[in-house]
2 protein chains.
Amino acid sequence: MPEVVAQQVKSDVGLASALRSSTLRLSRQIRRQRVEGVDLTANQLGVLGALGKHDAMTIGELAAHEQVKPPSMTRIVSNMEEAGLVARRPHDTDKRQIVVELTESAHALLHANRRRRDEWLQTKLKKLTPEERDILRKAAAVLERLAAT
Amino acid sequence: MPEVVAQQVKSDVGLASALRSSTLRLSRQIRRQRVEGVDLTANQLGVLGALGKHDAMTIGELAAHEQVKPPSMTRIVSNMEEAGLVARRPHDTDKRQIVVELTESAHALLHANRRRRDEWLQTKLKKLTPEERDILRKAAAVLERLAAT
DNA sequence: CTTAGCTCATTACCTTTGCTAACAAAAATA
DNA sequence: TATTTTTGTTAGCAAAGGTAATGAGCTAAG
């Protein structure tokens, strides 16, 4: 480890900077790992992820979540529907709205993606020392709390 | 912290999963923080970041780095040149190649962006306990090493 | 209760952006 | 020196997002 980093990290401003840099770098690499043969656009991936968390969302909610205008989301969902990734369903009480849900194969894809990323990360973790892994074990919980607030 | 997480993190597979989730989540939030009034496409941001690290790159190098075909990079660079973000310059020895560099204002923009993200992260860090910050201090170095390999 | 206004998704059209193919200039190689 | 390869650009095409306009359904004022 370069001395410069060790020194910077002592101050809080240095901690923020070091954490920003290392987190962004690692996340870029994690993001790069995904199942082959399936090429989705960034927005399709975003929709998949959002539905993975929230189960069922309307077109408008998805558009807001993905920072995209409603007409664009209409087309994104249509494409994903043709690809068998999502299904449209009428809203229970409001007939204007359309509820979008993941299909079984989309759930499987999400799961496979996560699995692949985890496997990749595990092989990298094996190269660290037990002490380093221990530090990351504690840090994961803190990072989770940091991202949650 | 939920017990489930604490338990999972004990195993290495759980560590990878927890680290993936928390890192991706935090990085998404960091990425969201940027200077207002300047809206750049994802590729423009990528070029800016790449040039921020490597100082001077050819069109071909940039295309490879951003996972884009050379003709696309030609246009991206042309647009950024018009926007005053980059400058073209002939290669020293190979007259086929074009070297792209950041302008002063692009450097300033990159700096402002980093600064803004750091400030945002610092305010979040302040809400943690000193012990948690200490964990992150150690973890930053390990994450850096993890991303470097 | 009914009409006016609002919300949500969609359609039509335009612009942007990336890709492939074709090309010109320069370098490498035979 | 002649041929092949590499590098960037131009031209034309397809995909994807945005705005404006439309239609169906909800909501609230009269």
Side-chain angles (χ1 to χ4, degrees), chain A residues 28 31-32 34 36-51 54-103 106, chain B residues 31-32 34 36-51 54-102 106:
Chain A
R28 258 193 301 273
R31 228 179 292 270
R32 217 172 285 149
R34 46 181 113 118
E36 297 157 34
V38 192
D39 52 338
L40 301 165
T41 67
N43 274 329
Q44 287 178 332
L45 265 171
V47 169
L48 233 57
L51 289 176
H54 300 97
D55 259 34
M57 298 172 74
T58 67
I59 301 276
E61 286 171 343
L62 281 172
H65 190 274
E66 294 303 306
Q67 318 253 39
V68 143
K69 300 301 170 186
S72 304
M73 187 51 67
T74 291
R75 186 163 32 186
I76 293 170
V77 168
S78 296
N79 291 340
M80 294 179 74
E81 197 175 22
E82 279 181 34
L85 292 171
V86 300
R88 276 183 167 92
R89 157 169 91 65
H91 192 278
D92 287 336
T93 60
D94 189 339
K95 287 177 187 169
R96 292 168 305 176
Q97 301 188 53
I98 301 283
V99 176
V100 183
E101 290 173 318
L102 291 184
T103 61
Chain B
R31 228 179 292 271
R32 216 172 285 150
R34 47 181 114 114
E36 296 156 36
V38 192
D39 53 337
L40 301 165
T41 68
N43 275 328
Q44 287 178 333
L45 265 173
V47 169
L48 232 58
L51 288 176
H54 300 96
D55 258 35
M57 298 171 75
T58 67
I59 301 277
E61 286 171 342
L62 281 172
H65 190 273
E66 293 304 306
Q67 317 253 42
V68 144
K69 300 299 171 189
S72 304
M73 187 50 68
T74 291
R75 187 161 32 184
I76 293 170
V77 167
S78 296
N79 289 341
M80 294 179 75
E81 197 175 21
E82 278 180 34
L85 292 171
V86 301
R88 275 183 167 91
R89 159 168 88 65
H91 192 278
D92 287 336
T93 61
D94 189 337
K95 287 177 188 169
R96 290 171 305 179
Q97 302 189 53
I98 301 282
V99 177
V100 183
E101 291 174 318
L102 291 184

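Every chain is numbered from 1, with letters handed out A, B, ... down the list of sequences.
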Fill in: Touch class at under 4.0 angstrom, heavy-atom based, for Thr93(B) against every strand present
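Sugar-phosphate contact only.
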At under 4.0 Å, does any side-chain N or O of [X] touch on OP1 or OP2 of [N]?
X	N	value
Asn43(B)	dT17(C)	no
Thr58(B)	dG8(D)	yes
Ser72(A)	dA16(D)	no
Arg88(A)	dC8(C)	no
Thr74(A)	dT10(C)	yes

Whole-Å gap separating [atom2] ([N]) and [atom1] ([X]):
X	N	atom1	atom2	result
Met73(B)	dT20(C)	CE	C1'	17 Å
Asp94(A)	dA9(C)	CG	P	8 Å
Leu62(B)	dT7(D)	CG	C1'	13 Å
Ile98(A)	dT10(C)	CD1	C1'	10 Å
Arg75(B)	dC13(D)	CZ	P	14 Å
Met80(A)	dA15(D)	CE	P	18 Å
Glu61(A)	dT7(C)	CD	P	16 Å
Asp92(A)	dC8(C)	CG	C1'	16 Å

Practice prompt. Between Pro70(A) and Lys95(A), name the one whose nearest nucleotide on DNA chain D is closer to the 5' end.
Written response: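 The residue closer to the strand's 5' end, by nearest nucleotide, is Pro70(A).
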Response to the item:
Of Arg96(A) and Asn79(A), the one whose nearest nucleotide on DNA chain D sits closer to the 5' end is Asn79(A)
Item to complete: Give a yes or no on whether the backbone of Leu85(A) and the side-chain of Thr103(A) come within a donor-acceptor separation of less than 3.5 Å.
Response: yes
Discussion item. Is it the case that the side chain of His54(B) and the backbone of Ala50(B) share a donor-acceptor pair, with hydrogens and angles ignored and the cut-off at 3.5 Å?
Written reply: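 Yes, because the side chain of His54(B) sits within donor-acceptor range (under 3.5 Å) of the backbone of Ala50(B).
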Practice prompt. Measure from the side chain of Ile59(A), starting at C-beta and using heavy atoms only, and say which of dG18(C), dT10(C), dG18(D) lies closest.
Written response: dT10(C)
Fill in: Residue Pro71(A), side-chain heavy atoms: nucleotide from dT11(C), dT20(C), dA16(D) that is nearest
dT11(C)
Item to complete: Determine the minimum heavy-atom distance between Ala56(A) and Glu101(A), stating which atoms define it.
Response: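 Taking every non-hydrogen atom into account, CB-CG, 3.9 Å.
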Worksheet item: If you take all heavy atoms of Val86(B) and Val77(B), which pair is closest and at what distance?
Response: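 Taking Val86(B) first and Val77(B) second, the nearest heavy atoms are CG2-O, 3.8 Å.
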Worksheet entry | Inter-residue atom distance Leu62(A).CG - Ser72(A).OG, 0.5 Å rounding | 12.5 Å
